Amino acid sequence: MISMENVSVAYNGSHKPALSNVSLFFEKGDFVCVLGKSGAGKSTLIRVLNGLQPVTHGEVVWNNKPISRMDEKAIREIRRETGMIFQQFNLIPRLTVYQNILTGRFGYKNTLQSLFGLFSADERKRALDLIDEVELNVEPSRKVEHLSGGQKQRVAIARALIQEPSVFLGDEPVASLDPGTAERIFKIMKKNHDERNLLTIINVHDVSLARKFATRIIALNQGEVVFDGSPEDFKEPDYSATYSE
Ligand SMILES: Nc1ncnc2c1ncn2[C@@H]1O[C@H](COP(=O)(O)OP(=O)(O)OP(=O)(O)O)[C@@H](O)[C@H]1O
């Protein structure tokens with residue numbers, strides 16, 4: 001579904017590449033956890049997948065089409081197909097739970113429709129249903145700024161899912177949550193992944209969460225892939241290769 005072919009990313013002013021000659025293939029159904037210490041290139045890897053971060057060398061290919069050769073319309077389509085969540089949630093604090101979820105439909109609207117918040121009855125019903133699906137027990141009219149971190153991440157998941165994505169990306173989505181909440185968020189992501197047959201790729205610092213939920217672990221160290229395999233095969237030497245200096 002998505003492949004990275006010899007992808008390198010070098011940021012301006014940085015002497016070492018953030019990703020170095022990475023080749024990976026991702027298929028629908030994979031629930032991938034990406035491990036690596038701080039600065040290993042995890043966020044960069046997530047962001048090149050939907051074209052948010054341009055590559056310096058190599059290609060990211062979606063369903064046989066290289067992103068570099070896509071026009072703006074095609075890039076918009078792959079962004080729409082990609083639901084994404086972040087460590088800092090990236091919600092609009094002054095808006096309600098319901099309004100934040102509906103912003104996930106903006107990729108399907110023209111500017112005027114987005115500006116005036118024109119949503120169909122079906123979209124409005126989906127937003128309300130998703131509040132239940134992500135097990136968020138708060139009023140739809142509650143402002144997001146009053147929610148806890150775990151509740152905010154549930155809103156963000158609902159906002160990603162209302163896009164009807166085929167790919168779900170998470171850039172350290174549980175890094176600022178306590179361990180119990182982090183595990184509950186993973187359970188919700190896994191349930192949605194299984195029900196919708198998504199390709200899910202999540203960066204995570206906690207190896208035990210990766211072992212518990214992933215179908216595949218990819219580990220990076222200094223921009224290079226040092227492990228790619230099943231959680232059962234991720235053993236002590238792989239752990240050392242991932243977290244060594
Ligand atoms: N916008 C940028 N400009 C310059 N260098 C950057 C930029 N973004 C990331 N880097 C550098 O690229 C490398 C990889 O960063 P990246 O954020 O992908 O790693 P990470 O594994 O996600 O780290 P963390 O766990 O701390 O978020 C790091 O050395 C980082 O300092």
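In what follows, every heavy atom counts, from backbone to side chain, and hydrogens, waters and symmetry copies are set aside. Atoms within each ligand, like the ligands themselves, are counted from 1 in listed order. As the structure is a computational prediction, the values presented were derived from the model and not from experiment.
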Undergrad: If you apply the rule ring pair (Phe, Tyr, Trp, His ring centres under 6.0 Å), what do you find for F31 with F213, and how did you get there?
TA: CA-CA 8 Å; F31 190 104; F213 291 96; 7.0 Å; no
Undergrad: Whether the side chain of N100 engages the backbone of I92 through a donor-acceptor N/O pair (distance < 3.5 Å, no angle test) should be reported.
TA: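 Yes.
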Undergrad: Considering only distance and modelled atom types, tabulate donor-acceptor pairs under 3.5 Å from the side chains of residues 132-147, sequence neighbours left out.
TA:
unit_1: E133; atom_1: OE1; unit_2: R196; atom_2: NH2; d: 3.0
unit_1: E133; atom_1: OE2; unit_2: R126; atom_2: NH1; d: 3.4

Undergrad: Tabulating one pair per line, provide the atom names and distances (0.1 Å) for every N/O atom of ligand 1 that is less than 3.5 Å from a protein N/O atom.
TA:
unit_1: ligand 1; atom_1: 18 (O); unit_2: T44; atom_2: N; d: 3.0
unit_1: ligand 1; atom_1: 18 (O); unit_2: T44; atom_2: OG1; d: 2.5
unit_1: ligand 1; atom_1: 19 (O); unit_2: G41; atom_2: N; d: 3.1
unit_1: ligand 1; atom_1: 21 (O); unit_2: A40; atom_2: N; d: 3.1
unit_1: ligand 1; atom_1: 21 (O); unit_2: G41; atom_2: N; d: 3.0
unit_1: ligand 1; atom_1: 21 (O); unit_2: K42; atom_2: N; d: 2.9
unit_1: ligand 1; atom_1: 21 (O); unit_2: K42; atom_2: NZ; d: 2.8
unit_1: ligand 1; atom_1: 22 (O); unit_2: S43; atom_2: N; d: 2.8
unit_1: ligand 1; atom_1: 22 (O); unit_2: S43; atom_2: OG; d: 2.8
unit_1: ligand 1; atom_1: 23 (O); unit_2: G39; atom_2: N; d: 2.7
unit_1: ligand 1; atom_1: 25 (O); unit_2: K42; atom_2: NZ; d: 2.9
unit_1: ligand 1; atom_1: 25 (O); unit_2: E172; atom_2: OE2; d: 2.9
unit_1: ligand 1; atom_1: 25 (O); unit_2: H205; atom_2: NE2; d: 3.4
unit_1: ligand 1; atom_1: 26 (O); unit_2: S38; atom_2: OG; d: 2.5

Undergrad: List in chain and number order the residues that pass salt bridge (charged side-chain N to carboxylate O under 4.0 Å, His left out) with E164, two or more places apart in sequence or in another chain; answer none if no residue qualifies.
TA: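 Testing E164 for salt bridge (charged side-chain N to carboxylate O under 4.0 Å, His left out), a comparison that skips the adjacent residues, returns R105.
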Undergrad: Anything under 3.5 Å between a donor and an acceptor, one on a side chain of residues 60-68, the other on a protein residue two or more places apart or in another chain? List them.
TA:
unit_1: W62; atom_1: NE1; unit_2: L49; atom_2: O; d: 2.7
unit_1: S68; atom_1: OG; unit_2: E59; atom_2: OE1; d: 3.0
unit_1: S68; atom_1: OG; unit_2: E59; atom_2: OE2; d: 2.6

Undergrad: If you measure only the distance, is there a donor-acceptor pair under 3.5 Å linking the side chains of T56 and Y11?
TA: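 There is no such pair between these side chains.
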